[in-house]
Amino acid sequence: MASKSQIPYEVRGRDHPNPLARRLFQIAAEKQSNVVVSADVTTTQELLDLADKLGPYMVVLKTHIDILSDFSSETIAGLQSLSQKHNFLIFEDRKFVDIGNTVQKQYHGGALQISQWAHIVNATMLPGPGIIDALAQVASAPDFPHAAHRGLLILAEMTSKGSLATGKYTELSVEMARKYRGFVLGFVATRSLADVDTAGKAEDEDFVLFTTGVNLASKGDALGQQYQTPESAIAGGADFIISGRGIYAAPDPVEAARQYQSAGWNAYLQRVRK
Ligand code: 5BU
């Protein structure tokens, strides 16, 4: 199957069967951005300040909400209002990995109320497909008000050195995504997985690919992170590039966000023009 990566965002935003994927592509086309900012800061004030300053340049804000030292209902209200103000979606990088009964409680309710405010979450396939059923059940419950605006990314690969999310694991992740097309929007991976052959492969499938570990200036960190540039990520099939320290730890995060936006957008234009 040819990947959909050469089709412009506005076309995918019109034709995609999943309402949340349509929104993602529409926002990308409107803002001329494919940047996801990974806002790995540790206080609500810093998180909301970053989201407000960088909101105009990004499509998605990625959070690790459990690293905040002062999470509260004000964090949720602030994120929701900035998501509306600047038209971005929120992706909680929770990496669910447990039996269905536990992940339901971690996703819905609990201390962090993730299902209330995160449009997108992710999960690993280590526990087997029950994890998708469990999360999908929460998002499609009759009394859950956000059903059309929730989706899951499957963690098919990781960027860290020596990652075990390779080979058969990655293949089975793709197979699971194909089986649960709908609630599963796509993948977090370092390259396109469209050519991975598995049961359930369909001509018209359009999984969204988020690629993390993107940095313009660095090759990695002292703890095993490995980076690629926006150009290489987009040329490799990424629809959205995720950058954390490359943006928020830059001397001028707004200037950095603009740089990543322009690098990512130019690489995308080259890809769709080919
Ligand atoms: P960085 O500062 O750009 O290195 O941050 C990368 C972010 O993406 C950080 O929040 C990680 O937890 C996250 N991440 C990653 O780096 N690699 C992966 O394979 C996955 C997530 Br999945």
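Each ligand, and each atom within it, is numbered from 1 in the order the structure gives.
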**Report entry** N/O separation below 3.5 Å, S38 to ligand 1
**Finding:** yes

Report summary line: Quick look: T212 vs ligand 1, heavy-atom contacts under 4.0 Å, and the answer is side chain

Query raised in the report: Is the closest N or O pair between R245 and ligand 1 shorter than 3.5 Å?
Result: yes

Query raised in the report: Could D204 and K4 be called an ion pair, given the rule that one side-chain N must be under 4.0 Å from one carboxylate O?
Result: no

Query raised in the report: Is there any salt bridge (Lys or Arg N to Asp or Glu O under 4.0 Å) pair reaching into residues 250-260, and which pairs are they, with sequence neighbours excluded?
Result: none

Query - Salt bridge flag under 4.0 Å for residues K53 and D49 - result: no

**Report entry** M158 neighbourhood, listing ligand 1 atoms whose heavy-atom distance to it stays under 4.0 Å
**Finding:** 18 (C), 19 (O)

Query raised in the report: In the protein, what heavy atom is nearest to atom 1 (P) of ligand 1, and what distance, to one decimal place, separates them?
Result: Y227 OH, 3.4 Å

Query raised in the report: Which protein non-hydrogen atom lies closest to atom 19 (O) of ligand 1, naming both residue and atom, and how far is it?
Result: T159 N, 2.8 Å

Report task. May I ask which of H64, K62, K95 has a heavy atom nearer to atom 21 (C) of ligand 1 than the others do? Result -> K95

Report task. Using a strict 4.0 Å threshold on nitrogen-to-oxygen distance, state whether K168 and E171 make a salt bridge. Result -> yes

Query raised in the report: Which distance, rounded to the nearest 0.5 Å, do you find between the CG of D93 and the CG of L153?
Result: 9.0 Å

Query raised in the report: Is there a nitrogen or oxygen of Q225 sitting under 3.5 Å from a nitrogen or oxygen of ligand 1?
Result: yes

Query - Output field: ring centroids F207/F187 closer than 6.0 Å - result: yes

Query raised in the report: Below 4.0 angstrom, N of the basic side chain to O of the carboxylate: do E205 and R178 qualify?
Result: yes

Report summary line: Checking heavy atoms under 4.0 Å, the part of D221 that sits near ligand 1 is neither

Query raised in the report: Going by distance only, is there an N or O of G244 that falls short of 3.5 Å from an N or O of ligand 1?
Result: yes

Query raised in the report: Under 6.0 Å between the ring centres of Y57 and Y260?
Result: no

Query raised in the report: Tell me: protein heavy atom nearest atom 5 (O) of ligand 1, and distance?
Result: D40 OD2, 3.9 Å

